[in-house]
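All values below were derived from every heavy atom in this structure, side-chain atoms included, with hydrogens, water molecules and symmetry-related copies excluded. Just so it is clear: chains get the letters A, B, ... in the order the sequence lines come, proteins before strands, and each one is counted from 1.
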Number of protein chains: 2
Amino acid sequence: MWGGAMGRWEPGTGERLARAALDLFAEQGYGGTTVDRIAERAGLTKTTFFRHFPGKREVLFAGQEAHHRRFVEGIAAAPATATPLEAVGAALDAATAPVTRAQRAMGARLEAVVASTPELRERQAFKRAALAADLAAALRERGVLDPAASLAADLAVRAFTGAFSRWCRRGEARTLGEIARQELRELQIAMAALE
Amino acid sequence: MWGGAMGRWEPGTGERLARAALDLFAEQGYGGTTVDRIAERAGLTKTTFFRHFPGKREVLFAGQEAHHRRFVEGIAAAPATATPLEAVGAALDAATAPVTRAQRAMGARLEAVVASTPELRERQAFKRAALAADLAAALRERGVLDPAASLAADLAVRAFTGAFSRWCRRGEARTLGEIARQELRELQIAMAALE
DNA sequence: AACGTGATGGCACCGAGTCACGTCACCGCG
DNA sequence: CGCGGTGACGTGACTCGGTGCCATCACGTT
């Protein structure tokens, strides 16, 4: 069962828990699933669950720190001559490039669960607000003043989330980065038309 | 109706609970305050607390439904010839006019508590997202297409929250509505400068 | 005087989250 | 070979947010 010279415990405990959680949430809903039951399906216990995730909700949003960081660093890494919107575009490239197909596969299921659970939508709104705040700070670091920095950061988050949502739909052939770039262009056009 | 011989229970139960909660949150922090203690200070019990508020967090955000509604209706009530941004301006007027001095007095204390409690900031982010979504829907009702509707709605929420925050600071002599209008203008300028 | 009503208290219960402590394999070391 | 340290996990008790059911008791009504 533990092929070769593996450790004492099955590896990938956190991932097993996350999969069990997503499965159960899809089957019985978020509120109808207890942490005990998630741990049980993963062959573990409640205590171990909370050792791997700070809370029941976080099990679905785990592993986004890397994406968050790449997004923010993409702003800082943009050439110094870039305008705010060009920096946002560069950050979108940096953020979309490393996204894997596996994440696309989970995206649809995850979106369905989140959409049907106010508590999770709340968590998502907060994560996006936090990301936007960090992006705005990175833009201010480049000398962009408020409220332009906050606005540009909001455009970035909006373009990415919209693009990811479309990318997860079947029949979408384009690259995530391509969609994100187009979303940003459309936002820019709508913004210009607002006056 | 309650004159002379008052009723069996002290009136304003919900308000007493809300005041007790805000006091205790300011004294001991949000996480360090139990619902039992809030109810105790109000001379009531936990059960009664949950009869008046759907949750511990909601005690601070109670009474915002009316503001939310006026804001959204302000969009619909704008003249049919108004541009999206003009409709947003009209909605800001409709939303800011009925705000009382009492709400200003609580604003500062409330802001401090919310700022120091991630759980409450999360709730606030969600409420703002929900408001923005409703405003965007009202704009779409007027024929504004996405993503322009969402962007304009975001500007509205941003202008209001920024204005309210400034309005709560001491030494601020202007009207809430005036500040909101100026915030909107500044956002408009920053938006135009983004390209 | 009897009755219905409505806001409240009391109580049992569930689930999320925390904590202290025990367990057991693996690892390094003598 | 044995021995103690380490790290991941289990166990059980606990707190607290939140729900549901039933009892209470003043008030108004009939």
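The side chain to side chain donor-acceptor pair (under 3.5 Å) check on Ser165(B) picks up Glu111(B), with sequence neighbours excluded. Legend: residues meeting side chain to side chain donor-acceptor pair (under 3.5 Å) with Glu186(A), ordered by chain and number and at least two apart, are Gln182(A). With sequence neighbours left out, the side chain to side chain donor-acceptor pair (under 3.5 Å) criterion links Glu122(B) to Arg57(A), Arg123(A). Shown here are the side chain to side chain donor-acceptor pair (under 3.5 Å) partners of Glu141(A), two or more places apart in sequence or in another chain: there are none.
OP1 or OP2 of dT8(C) has at least one side-chain nitrogen or oxygen of Thr13(B) nearer than 4.0 Å. Side-chain N/O atoms of His52(B) include none lying less than 4.0 angstrom from OP1 or OP2 on dA7(C). Regarding contacts with the backbone of dG10(D), a side-chain N or O of Thr45(A) is found under 4.0 angstrom from either OP1 or OP2.
A salt bridge links Arg174(A) to Glu172(A): one of the charged nitrogens lies within less than 4.0 Å of a carboxylate oxygen.
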Give me, pair by pair, the N or O atoms of the protein and of nucleotides 16-18 of chain D that are less than 3.5 Å apart, along with how far apart they are.
unit_1, atom_1, unit_2, atom_2, d
dG17(D), OP1, Thr33(B), O, 3.4
dG17(D), OP1, Lys56(B), NZ, 3.1
dG17(D), OP2, Val35(B), N, 3.2
dG18(D), OP2, Lys56(B), N, 2.6
dG18(D), N7, Lys46(B), NZ, 3.1
dG18(D), O6, Lys46(B), NZ, 2.8

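For the pair Glu40(A) CD and dT11(D) P, the computed distance is 12 Å after rounding to whole Å. Rounded to a whole Å, the CZ atom of Phe53(B) is 15 Å from the P atom of dA7(C).
Remark: Lys56(A) is not positioned above the aromatic ring of Phe50(A), lacking an NZ or CZ atom under 6.0 angstrom from the ring centre and at most 45 degrees off the axis.
Bending across the helix from dA1(C)-dT30(D) to dG30(C)-dC1(D), expressed as the angle between its end axes from five pairs apiece, amounts to 10° (10° rounding).
In this structure, Arg51(A) and Thr48(B) both approach DNA chain C, and ranking their closest nucleotides by distance from the 5' end singles out Thr48(B).
Residue-to-nucleotide contacts include no donor-acceptor pair under 3.5 Å from the side chain of Arg37(A) to the base of dG15(C).
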Output side-chain donor-acceptor pairs under 3.5 Å for residues 69-90 of chain A, partner residues at least two apart or in another chain, one line each.
unit_1, atom_1, unit_2, atom_2, d
Thr83(A), OG1, Glu86(A), N, 3.2
Glu86(A), OE1, Thr83(A), N, 2.9

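Listed by first then second residue, pairs satisfying ring pair (Phe, Tyr, Trp, His ring centres under 6.0 Å) with a partner in residues 75-128 of chain B number zero, not counting sequence neighbours. Sorted by first and then second residue, the salt bridge (charged side-chain N to carboxylate O under 4.0 Å, His left out) pairs involving residues 38-51 of chain A (not counting sequence neighbours) are Glu27(A)-Arg41(A), Arg37(A)-Glu40(A).
Counting non-hydrogen atoms under 4.0 angstrom, Gly43(B) reaches the backbone sugars and phosphates but no base.
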